[in-house]
Enquirer: 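Please see the structure below; I have some questions.
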Amino acid sequence: MVDEHSMDSERYNAREAEPKWQAVWEEKDIFRTGNADARPKYYVLEMFPYPSGRIHMGHVRNYTMGDVIARYKRARGFNVLHPMGWDAFGMPAENAAWHNKSHPADWTYANIASMRAQLKSMGLSIDWSREIATCDPSYYKHQQKMFLDFLAAGLVVRKKSKVNWDPLDHTVLANEQVIDGRGWRSGALVEQRELTQWFFKITDFAEELLGSLDTLTRWPEKVRLMQANWIGRSEGLCVRFELDPAPAVKAREIEVYTTRPDTLFGAKFLAIAADHPLAAEAARKDPALAAFIDDCHHGGTSLAAIETAEKKGYDTRLKARHPFDPEWKLPVYAANFVLMDYGTGAIFGCPAHDQRDLEFANAYGLGNTPVVCPPGQDPETFEITDTAYDGDGVLIHSRFLDGMSIAAAKEDVARRLEGRPLGNRPQGKREVQYRLRDWGISRQRYWGCPIPIIHCEACGVVPVPAADLPVELPKDMSFDEPGNPLARHPAWKHVTCPKCGGAALRETDTMDTFVDSSWYFARFTDPWNEAAPTTPEMVEKFLPVDQYIGGIEHAILHLLYARFFTRAMQATGHVGALKEPFAGLFTQGMVVHETYRDADGTWLYPADIRIESDASGRHAFKLDGGGEALIGAIEKMSKSKKNTVDPDDIILAFGADTARWYVLSDSPPERDVIWTEEGVQGAAKFVQRLWRLVGELKGLAAPMGTLVPADVSAEAAAIRRAAHGSLIKVEEDIERLRFNRAVAQIHDLANKLSAAVGDIETAKVTPDLRAAFREAADMLTLMLAPMMPHLAEECWAALGHTDLAAQAAWPSADRALVVEDTIAYPVQVNGRKRADLVVARDAGNAAIEAAALALEPVRRALEGRPVKKVIIVPQRIVNVVG
RNA sequence: GCGGGCGUGGCGGAACUGGUAGACGCGCUGGACUCAAAAUCCAGUUCUGGUGACAGAGUGCCGGUUCGAUUCCGGCCGCCCGCACCA
């Protein structure tokens with residue numbers, strides 16, 4: 001039944017409604033978060049974007065998820081903090097400057113302006129008053145201050161380290177920027193170079209960062225595991241081997257690190273890294289060794305080539321004494337597979353029980369002696385040929401260790417060597433090693449946060465005095481030569497030394513952009529503080545972030561750096577007692593799309609394609625009339641394959657709510673979502689359907705504020721059951737970030753309400769029904785509001801409300817209404833469903849059993865067999881065993 | 001090699017702690033409305049057989065536990081992701 005007040009014929013016009021409501025929200029400033037607000041806080045944060053210029057569908061998905069949570073939590077009465085900023089330093093701006101002769105700052109701020117407008121067109125409930133850009137001196141001056149604080153606290157050090165050097169661009173490259181051994185931009189073969197760089201001492205917190213992973217119960221297990229592996233803790237023993245006096249070196253000993261001291265009697269050689277000081281020393285008198293070391297440098301250490309690289313070594317002629325037998329001399333090799341920056345840069349090789357050592361020993365004819373015998377093997381005949389044994393077993397051929405377990409032997413060796421002096425120290429020392437390295441933050445780039453340091457010939461490394469901060473980037477720059485533009489600037493680096501007043505040079509390296517993103521979440525809590533990076537009380541008020549959302553690609557670096565930075569900030573008094581910045585983490589999947597190719601193999605944009613499908617499948621046709629195109633694999637949206645969809649186009653054609661709904665609806669949020677034209681059409685249709693449905697409900701609904709009477713008809717009870725039941729499920733689903741299920745639930749409710757509206761034509765519209773329709777319409781609208789906020793406002797207003805849906809309290813569900821007074825039991829015979837049985841909720845087991853056995857399909861399925869047992873699971877199922 | 005995850009209709013996916021497999025959506029098929037199209041509405045849609053009621057099979061494969069398994073256990077197969085000479 002549709003009366004004349006119905007809006008049935010009117011279509012919902014998103015293009016008009018969306019900007020209208022966005023303007024209302026902005027004018028009323030309803031998403032501003034009060035720092036003095038006493039309500040419980042909820043901090044929702046999505047990883048802030050790099051201002052590339054345009055948002056992409058991945059952003060739409062990311063920010064929509066966060067916005068759903070923000071709006072939902074706001075409706076539930078929380079003081080929600082939902083800010084936005086820009087990860088604005090980085091190489092692309094410099095590359096753009098190089099290509100377009102523009103300034104990185106101009107390029108960046110123009111991009112920010114257009115992306116901000118795009119984000120606003122999505123209708124995100126963001127407190128824009130807290131917006132920050134990391135490239136702004138008002139942000140990075142605080143970062144410089146913290147750098148100095150960390151330096152004073154011993155958390156920053158300067159040391160030499162190997163880096164990937166691009167000889168054409170004259171710059172250091174991050175590992176990710178090295179592709180197949182070549183610079184990603186220049187294509188030049190990357191060299192390994194030693195440079196003096198600034199490091200954050202993340203390794204100081206290795207134990208703490210690893211141990212605290214257990215407290216992050218609302219993080220994906222996968223991310224915690226990845227971080228644990230990255231930190232890579234191992235327990236072992238440092239053992240010093242005495243060297244026989246040799247003319248080549250002055251050193252008297254070699255220290256090795258091992259996790260298998262139990263296999264010490266299986267040792268066949270020692271190996272040191274090519275970069276080991278001892279190798280360098282020996283090479284001075286051995287040109288062949290020098291050549292070998294040089295060779296190792298060219299192999300590259302971060303390349304996939306390592307995988308297939310042969311084990312190579314060079315016999316230094318040095319001899320080391322076995323710790324438990326001074327007459328037992330072990331050869332010392334320089335070897336390409338030993339890493340200088342792990343452990344001590346030296347190992348002892350036990351070929352029988354380590355695959356790498358075995359390959360090496362086999363290549364150089366060093367033999368092997370098994371010292372761990374697997375259970376069930378005869379120690380006399382147990383042999384190793386080309387596969388090392390690293391399993392459990394009993395010690396053999398190991399003198400005083402024979403017969404022990406691996407654990408006992410480890411303990412025994414450690415105890416003996418720790419108790420025995422060599423020189424003025426014990427020969428052995430138990431040590432914990434980590435794979436984690438200190439975080440090198442020096443970058444030879446312009447568009448980054450300047451490192452606030454001055455180098456003075458007389459005074460050495462001098463921190464820039466706090467009063468002189470920020471050290472601002474110079475604006476008059478040229479980018480027409482490769483290398484670090486800052487270093488080439490004629491004047492900027494020339495300063496007087498703050499200590500002695502003499503001529504000095506500024507540090508021209510800038511900080512890794514990961515530094516910028518390591519504390520922005522804390523800055524958001526009080527971005528107005530000009531005097532300090534943070535206001536610790538506000539940090540403690542809002543942090544940790546309750547729900548952080550972003551891509552899995554940041555599982556290690558960003559998330560680990562931020563965890564480190566928070567601890568360093570705590571040590572320097574910037575965050576109060578806060579330790580972990582992100583209490584809840586969610587890693588969302590990508591937006592992927594089909595690819596299309598022309599007959600000649602060139603890629604085609606989805607926007608130039610029309611899809612037709614029939615019973616035989618899907619076909620793509622070129623819109624320019626050029627015939628059929630080939631449908632290719634579904635892949636991550638990328639410019640190179642042209643399988644991108646511009647969010648602006650979608651918002652213009654269908655509205656932001658449609659885009660939001662679609663990215664929430666089709667897949668579980670942690671998985672990839674496949675963007676399809678049909679899917680968007682479906683979402684757009686549903687927007688219209690909801691608008692019509694709310695109109696129809698309104699036509700039948702009681703006036704606003706009417707309460708549903710206590711005593712209602714079965715029809716009204718069914719409507720209430722549907723509305724309250726859906727509400728409960730939608731709540732649960734949003735709380736657990738299962739947006740796709742919340743979407744399905746709302747579809748389901750819409751179906752039920754449509755059916756109820758349709759049925760009403762033949763029934764009388766009684767006051768209880770009118771009240772139930774009113775309640776259902778209001779509830780449906782508010783359930784919708786986190787996901788489709790504009791449509792919800794339009795519906796809310798149409799339903800006669802004068803406040804905003806965005807400010808309305810979440811409706812409260814009455815669980816009692818959802819309970820039915822009958823229960824429909826599926827009845828199985830031998831585990832196979834044969835019938836349905838509807839009984840009163842309070843029916844006893846005997847009555848249920850009798851009713852079930854009386855059912856015709858049950859009797860038929862039993863085929864006259866006697867009933868052995870009847871299993872009744874209350875509220876669930878009946879199973880007859882016959 | 002090590003670590004982790006995932007295999008369910010034509011497709012995306014649902015199924016709470018072992019309890020009606022396929023919710024919801026997309027697509028498709030048929031119908032209504034329309035001069036026609038779009039939009040909308042109705043019905044159907046796991047497979048096989050049957051007009052039908054119904055019967056049988058079915059959650060990657062093989063086996064086990066159980067009254068009952070997509071779910072738990074063992075063994076395979078396939079795909080995806082991360083790390084990778086870490087001593």
Side-chain angles (χ1 to χ4, degrees), chain A residues 8 11 220-226 228-230 232-234 236 256-260 263 271 301 304 306-311 335-339 341-350 353-357 359-360 433-437 552-553 555-556 611 613-618 634 662 665-668 670-674 676-683 685-686 688-689 692 729 732 738 740-751 754 758 824-836 857 860-861 868-873 875-882:
Chain A
D8 185 59
R11 286 177 64 79
E221 185 61 25
K222 179 189 171 84
V223 175
R224 291 194 282 166
L225 261 165
M226 282 168 72
N229 289 338
W230 187 263
R233 182 182 198 275
S234 72
V256 308
Y257 177 72
T258 178
T259 55
R260 293 295 303 272
T263 63
T301 57
I306 286 169
E307 199 178 334
T308 50
E310 264 178 69
K311 304 279 175 287
N336 65 344
F337 69 97
V338 180
L339 307 173
D341 51 6
Y342 185 80
T344 58
I347 62 161
F348 84 81
C350 175
H353 303 290
D354 182 291
Q355 190 59 35
R356 291 158 309 181
D357 295 349
E359 283 168 29
F360 188 81
Q433 288 282 344
Y434 299 93
R435 222 178 63 103
L436 185 68
R437 302 284 179 281
I552 186 74
E553 66 273 20
I556 295 174
I611 299 288
S613 38
D614 55 30
S616 74
R618 292 160 53 81
I634 297 169
Y662 182 60
S665 67
D666 235 39
S667 296
E670 68 278 9
R671 265 191 243 178
D672 291 350
V673 63
I674 305 170
T676 64
E677 179 66 16
E678 297 95 313
V680 185
Q681 300 279 2
K685 281 181 194 172
F686 189 60
Q688 295 300 335
R689 190 173 157 219
R692 279 196 310 276
K729 288 181 177 152
E732 258 175 36
R738 299 163 79 155
N740 57 321
R741 299 204 329 168
V743 164
Q745 199 48 235
I746 288 175
H747 267 287
D748 200 42
L749 177 60
N751 289 345
S754 288
Y825 280 98
V827 181
Q828 297 180 332
V829 175
N830 295 329
R832 189 158 190 93
K833 190 200 165 192
R834 295 295 174 178
D836 287 296
R860 208 174 337 122
K868 287 185 195 146
K869 192 156 69 163
V870 177
I871 292 155
I872 299 171
V873 183
Q875 325 279 307
R876 286 232 181 255
I877 203 163
V878 178
N879 191 13
V880 178
V881 185

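Both backbone and side-chain heavy atoms feed into the values below; hydrogens, waters and symmetry mates do not. Numbers restart at 1 for each chain; the letters A, B, ... are given by sequence-line order, proteins then strands.
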Enquirer: May I ask you to evaluate whether A:Tyr257 reaches the phosphate of B:A87, defined as a side-chain N or O under 4.0 Å from OP1 or OP2?
Expert: no
Enquirer: Let's test this: given Watson-Crick or G-U wobble pairing with both distances under 3.5 Å, identify the partner of B:C24.
Expert: B:G12
Enquirer: Measuring from atom CZ of A:Phe686 to atom OG of A:Ser665, what distance do you get when rounded to the nearest 0.5 angstrom?
Expert: 10.0 Å
Enquirer: Could you tell me the separation between the CD atom of A:Gln875 and the P atom of B:U20, rounded to a whole number of Å?
Expert: 14 Å
Enquirer: Please report the distance separating the P of B:G10 from the corresponding atom of B:G19, rounded so that it comes out in whole Å.
Expert: 25 Å
Enquirer: Of all the nucleotides listed (B:G12, B:C85, B:A87), which has the minimum atom distance to the side chain of A:Phe337?
Expert: B:C85
Enquirer: Check the distance between B:G19's P and A:Asp836's CG and give it to me in whole angstrom.
Expert: 17 Å
Enquirer: Please confirm whether the backbone N or O of A:Thr676 pairs with a side-chain atom of A:Tyr662, one donor and one acceptor, at under 3.5 Å?
Expert: yes
Enquirer: Hey, which of these two, A:Met226 or A:Ile877, hits RNA chain B nearer its 5' end, going by closest nucleotide?
Expert: A:Ile877
Enquirer: So which nucleotide does B:G49 pair with, by the Watson-Crick or G-U wobble rule with both distances under 3.5 Å?
Expert: B:C54
Enquirer: Among the candidates B:U20, B:A87, B:G13, find the nucleotide nearest to the side-chain atoms of A:Pro826.
Expert: B:U20
Enquirer: Can you figure out which of B:G13, B:U20, B:A87 approaches the side chain of A:Leu339 most closely?
Expert: B:A87
Enquirer: Without decimals, in angstroms, what is the distance between A:Ile674 CD1 and B:G12 C1'?
Expert: 6 Å
Enquirer: Looking only at side-chain atoms of A:Asn751, point me to the closest of B:C67, B:A39, B:C24.
Expert: B:C24
Enquirer: Can you figure out which of B:G19, B:C24, B:U40 approaches the side chain of A:Arg876 most closely?
Expert: B:G19
Enquirer: Rounded to whole Å, how long is the line connecting atom CZ of A:Arg435 with atom P of B:A87?
Expert: 10 Å
Enquirer: Measure CG/A:Asn229 against P/B:G5 and give the value in whole Å, please.
Expert: 12 Å
Enquirer: A:Arg11 side chain to A:Gln688 main-chain N or O, any donor-acceptor pair under 3.5 Å?
Expert: no
Enquirer: For the pair A:Arg260 and A:Asp354, find out whether any cationic side-chain nitrogen is under 4.0 Å from an anionic carboxylate oxygen.
Expert: no
Enquirer: Nearest to the side chain of A:Asp666 - B:A14, B:G12, B:C67?
Expert: B:G12
Enquirer: What integer distance in Å separates A:Glu678:CD from B:G25:P?
Expert: 16 Å
Enquirer: Which listed nucleotide (B:C24, B:G56, B:C41) is nearest to the side chain of A:Ala744?
Expert: B:C24
Enquirer: Does A:Ala861 offer a backbone N or O that forms a donor-acceptor pair with the side chain of A:Arg832 under 3.5 Å?
Expert: no
Enquirer: Between B:C67 and B:U48, how far apart are the C1' atoms? Round to whole Å, please.
Expert: 28 Å
Enquirer: Under 4.0 Å: is that the gap between some side-chain N or O of A:Arg671 and OP1 or OP2 of B:C80?
Expert: no
Enquirer: Is the ring pair A:Tyr257/A:Tyr342 parallel, tilted or perpendicular, if the boundaries are 30 and 60 degrees?
Expert: perpendicular
Enquirer: Looking at the side chain of A:Arg689, which of B:A55, B:G19, B:C41 is the nearest nucleotide?
Expert: B:C41
Enquirer: In terms of side-chain heavy atoms of A:Leu225, which of B:C24, B:A87, B:G3 is nearest?
Expert: B:G3
Enquirer: Rounding to the closest angstrom, what is the interatomic distance between B:C33 and B:A14 at atom P?
Expert: 39 Å
Enquirer: Tell me which of A:Gln745 and A:Glu670 sits closer to the 5' end of RNA chain B, going by the nucleotide each one is nearest to.
Expert: A:Glu670
Enquirer: Tell which nucleotide pairs with B:C67, taking only Watson-Crick or G-U wobble pairs whose two distances are both under 3.5 angstrom.
Expert: B:G19
Enquirer: Whole angstrom is fine here: how far is it from NZ in A:Lys685 over to C1' in B:A39?
Expert: 8 Å
Enquirer: Please work out whether B:G44 sits syn or anti, treating a glycosidic angle within 90° of 0 as syn.
Expert: anti
Enquirer: Strictly below 4.0 Å, N to O, side chains only: are A:Lys729 and A:Glu732 in salt-bridge contact?
Expert: no
Enquirer: Whole Å only: how far is the CZ atom of A:Arg834 from the P atom of B:G68?
Expert: 14 Å
Enquirer: So which nucleotide from B:C67, B:A55, B:C16 ends up closest to the side chain of A:Arg860?
Expert: B:A55
Enquirer: For the P atoms, the ones on B:A69 and on B:G18, what distance do you get once it is rounded to whole angstrom?
Expert: 14 Å
Enquirer: Rounding to the closest angstrom, what is the interatomic distance between B:C11 and B:U46 at atom P?
Expert: 13 Å
Enquirer: For a quick test of reading the model: is some side-chain N or O of A:Asn740 closer than 4.0 Å to OP1 or OP2 of B:A14?
Expert: yes
